[in-house]
Amino acid sequence: MCDTHGSRAPQASSAGQGWGRPWAAASPEEYSFEYGSPRYLLLCGLGGMLSCGLTHLAIVPLDLVKCRMQVDPDKYKGIFSGFGVTVREEGLRGLARGWAPTFIGYSLQGFFKFGLYEVFKIHYKKLLGEEKAYTWRTTLYLAASASAEFFADVALAPMEAVKVRVQTQPDYARTLREAVPKMYAEEGLWAFYKGVAPLWMRQIPYTMMKFACFERTVEALYKYVVPKPQCECTKAEQLGVTFVAGYIAGVFCAIVSHPADSVVSVLNKEKGSTALEVLRRLGPLGFWKGLFARIIMIGTLTALQWFIYDSVKVYLNLPRPPIAEEPASLKKHK
């Protein structure tokens, strides 16, 4: 039997121990830190840093080909031909171009994305109250994720600009250390932040879809697919649900954010361009170049990010809220 918080009888626990034991079996006193405490939120940020930094680092070769397909579709006509052209011209090492700004930028973004999402979700829930927070939970997820991503993109923008320049202009600079001073000398700080508005266009819809779709998919999986309540599932089973829900969310994320991603890639490649100019030049069909590669990349990426994030919570013995349940006060009105 689960109690109202989705937990069972308390059992002894320690960080990273007992992967077969039901995750929700720990009582609040057994967790490392209280849910919503400053240390809890900082560790959520750490989980986000690891999940985003490591996953984006792992897919640098695919991201590189995707960016080149967007900015030079005549030369890089598809995923496989794009890999072939890159390897022939630059060798296998060429596929790792931009790994340093990718890792640094997306680690910073992940820290603020996941950490602030938890902050805003708690804050907005308090503002709404228990009943409205449940009734409007999708809106709450959308608002909390959009708020978090606004700040996360400010942290990401400089390294994203460097990454795209290094990946799409092989003769411009080969490394982070070479690109940063060169970009600053040419355009000043504007070189690193001119892409922040297109980043918001790309990342805020992406993140809203990523978090809201994930939260509601997890809820649906436990309600209609998983044959037992969340609190009776083992940690490994819960992480499996996390991965599946993350992949489903990732497919939708890729579709809604791809047009803006194309603009960011072209904008950061060219000096002096504006988002409006790039929009006009690409046209409606140009937005969707590289979409298949992005669906594969973002679907896998999002699933792994949620899996790593929840795994960090398991390892550090952090409380993970159960899926949303209708408050007793609302049930009485039915």
Side-chain angles (χ1 to χ4, degrees), residues 52-53 56-57 59-60 63-73 76 97-113 116 145-208 253-254 256-284 286-291 294 297-298:
C52 290
H56 277 276
L57 181 64
I59 60 163
V60 162
D63 186 40
L64 178 141
V65 173
K66 183 266 301 178
C67 286
R68 290 183 174 183
M69 287 170 62
Q70 289 171 328
V71 301
D72 193 356
Y76 301 92
R97 268 184 177 274
W99 72 267
T102 296
F103 180 67
I104 296 169
Y106 282 94
S107 292
L108 290 171
Q109 186 214 34
F111 179 83
F112 290 105
K113 183 199 297 272
L116 289 180
S145 55
S147 302
E149 189 60 38
F150 179 88
F151 296 100
D153 288 342
V154 176
L156 169 64
M159 291 296 104
E160 177 74 1
V162 175
K163 174 190 81 76
V164 173
R165 190 68 68 91
V166 169
Q167 288 183 336
T168 60
Q169 291 184 280
D171 298 330
Y172 182 81
R174 299 188 65 84
T175 65
L176 172 67
R177 286 184 296 176
E178 187 182 346
V180 169
K182 199 170 180 180
M183 291 172 65
Y184 183 76
E186 291 176 351
E187 298 181 77
L189 285 175
W190 175 244
F192 304 105
Y193 288 99
K194 69 178 182 179
V196 73
L199 262 182
W200 284 329
M201 289 166 55
R202 180 187 84 184
Q203 290 297 133
I204 289 178
Y206 162 82
T207 301
M208 291 169 73
C253 288
V256 301
S257 63
H258 189 73
D261 182 64
S262 298
V263 174
V264 171
S265 295
V266 176
L267 190 65
N268 283 323
K269 178 195 173 187
E270 301 174 353
K271 290 190 293 182
S273 294
T274 65
L276 207 55
E277 290 169 352
V278 174
L279 280 168
R280 289 198 194 101
R281 193 161 69 252
L282 284 176
F287 290 152
W288 303 106
K289 291 284 186 182
L291 177 61
R294 185 166 169 78
M297 182 179 81
I298 296 300

Show the nearest heavy-atom pair for residues [X] and [Y], with the distance to one decimal.
X    : Y    : result
P181 : L176 : CD-O, 4.5 Å
A191 : K194 : O-CG, 4.1 Å
V154 : Y193 : O-CE2, 3.6 Å
R174 : V166 : O-CG1, 3.8 Å
S145 : M208 : OG-CA, 3.3 Å
A254 : I298 : CB-CB, 3.8 Å

Nearest 0.5 Å please: distance from the [atom1] atom of [X] over to the [atom2] atom of [Y].
X    : Y    : atom1 : atom2 : value
K66  : L291 : NZ    : CG    : 11.0 Å
I59  : L64  : CD1   : CG    : 11.5 Å
S107 : L156 : OG    : CG    : 10.5 Å
I104 : Q109 : CD1   : CD    : 14.0 Å

Pairwise side-chain contact, [X] with [Y], heavy-atom cut-off 4.5 Å (strictly under):
X    : Y    : answer
F192 : V180 : yes
T207 : D153 : no
K163 : H56  : no

*Would Q203 and E160 satisfy side-chain contact (heavy atoms from CB on, under 4.5 Å), going step by step from the backbone distance to the final call?*
CA-CA 12 Å; Q203 290 297 133; E160 177 74 1; over 6 Å; no
*Answer with yes or no whether the side chains of E178 and Y172 bring together a donor and an acceptor at under 3.5 Å.*
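No pair is found: no donor N or O on one side chain lies under 3.5 Å from an acceptor on the other.
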*Between W200 and E149, does a side-chain contact (heavy atoms from CB on, under 4.5 Å) hold up when you go through it step by step?*
CA-CA 8 Å; W200 284 329; E149 189 60 38; 5.9 Å; no
*Backbone N or O of L57 within a donor-acceptor pair of the W99 side chain at under 3.5 Å?*
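Looks like no, no N/O pair under 3.5 Å.
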*Determine, step by step, whether Q167 and V60 satisfy the side-chain contact (heavy atoms from CB on, under 4.5 Å) criterion, reporting the C-alpha distance in whole Å, the side-chain angles of both residues, the deciding distance to 0.1 Å, and the verdict.*
CA-CA 10 Å; Q167 288 183 336; V60 162; 4.1 Å; yes
